[in-house]
Amino acid sequence: MPRTDEAEAFFHAVYSAIQEIPPGKVTSYGHIAKLVGTPQRPRQVGVCLKHLPDSPTFTHHNGNVPWQRVINSKGIISPRGHQSGAANQAQVLRAEEVTVSTGSLGELMVDFSIYGWFPKQLPSEEAAGLTAFSDGEEEDA
DNA sequence: ATATTGACTGACC
DNA sequence: AGGTCAGCCAATA
């Protein structure tokens, strides 16, 4: 649990934002950071999830916060230094019909098409007509 | 109390 | 296209 009130507020904001990610979709740490008004702290978002309680006695816990729907900006499940936790996350995502493929290096990739928001743009920016990475560089479908 | 780590990311080589 | 670096800051050591 957070040690300061300031951190407490941040944790709460992050968990609440994550709860808004619809089932079957994912987003990035960076995007959550933007949503809570601290775009320069995607890392702290990771810290929040790292310390997400298991016990339902907490307001936010792994039973009501869809932690599995947060991946990194590269579109892959963060390996967090090692693979065990990431593999579990992939399993939980697959359980909610999210396609996760394994790359040649063992990376667990999530299809960008199910991003609730693109990693580099907020919904408002998307509405402005940005094309993100659909610029026409596809070589395969 | 000081130092290191790390569920991140974008900017630069 | 792929590695490195500098910010970030709570949690650990």
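Basis for what follows: all heavy atoms, side chains included, without hydrogens, waters or symmetry-related copies. In what follows, every chain begins at residue 1, and chains take the letters A, B, ... in the order their sequences are listed.
Evaluation of atom-type donor-acceptor distances gives a pair under 3.5 Å for the side chain of A:Arg43 against the base of C:dG7.
Between A:His51 and C:dT12 there is a side-chain N or O to OP1 or OP2 distance below 4.0 Å. For the pair A:Ser78 and B:dC8, the criterion of a side-chain N or O lying under 4.0 Å from OP1 or OP2 is met. OP1 or OP2 of B:dC8 has not a single side-chain nitrogen or oxygen of A:Ser28 nearer than 4.0 Å.
Of all nucleotides present, none satisfies the Watson-Crick or G-U wobble test against B:dA7 with each distance under 3.5 Å.
In this structure, A:Ile32 places its CD1 atom 11 Å from P of B:dT9, rounding to the nearest Å. Across the protein-nucleic acid pair, A:Ile77 atom CD1 and B:dC8 atom P stand 13 Å apart, rounded to whole Å. The CG atom of A:Leu52 sits 18 Å away from the P atom of C:dA10 (whole-angstrom rounding). Summarising the geometry, the separation between OH on A:Tyr29 and P on C:dG7 is reported as 24 Å, rounded to the nearest angstrom. The OH atom of A:Tyr15 sits 14 Å away from the P atom of B:dA7 (whole-angstrom rounding). Rounding to whole angstrom units, CZ of residue A:Phe10 and C1' of C:dA10 are separated by 10 Å. At whole-Å resolution of the value, CG in A:Asn72 and P in B:dG10 are 10 Å apart. Separating the NZ atom of A:Lys50 from the P atom of C:dT12 is a distance of 7 Å, rounded to the nearest angstrom.
Cation-pi geometry between A:Arg41 and A:Phe10 is met: the NZ or CZ atom falls under 6.0 Å from the ring centre, inside 45° of the normal.
Taking the side chain of A:Arg80 as heavy atoms from C-beta on, and the options C:dC9, B:dA7, B:dG6, the nearest nucleotide is B:dA7. Comparing atom distances between the A:Ser73 side chain and each of B:dG10, C:dA10, B:dA7 picks out B:dG10 as nearest.
The neighbour count for A:Glu96 CD, taken as heavy atoms of other residues, nucleotides or ligands under 6.0 Å away, is above 12.
Relative ring orientation between A:Phe11 and A:His51 is described as tilted, the plane-to-plane angle lying within the 30° to 60° band.
Comparing A:Glu6 and A:Pro42 by the nucleotide of DNA chain C whose heavy atom lies nearest to each, the residue mapping closer to the 5' end is A:Pro42.
Residue contacts for A:Gln40: at a heavy-atom cut-off of 4.0 Å it reaches the sugar-phosphate backbone alone, with no base atom in range.
In terms of modelled atom types and a separation under 3.5 Å, the side chain of A:Tyr15 and the main chain of A:Cys48 share a donor-acceptor contact. A:Gln89 contributes a side-chain N or O that, together with a main-chain N or O of A:Gln68, makes up a donor-acceptor pair within less than 3.5 Å.
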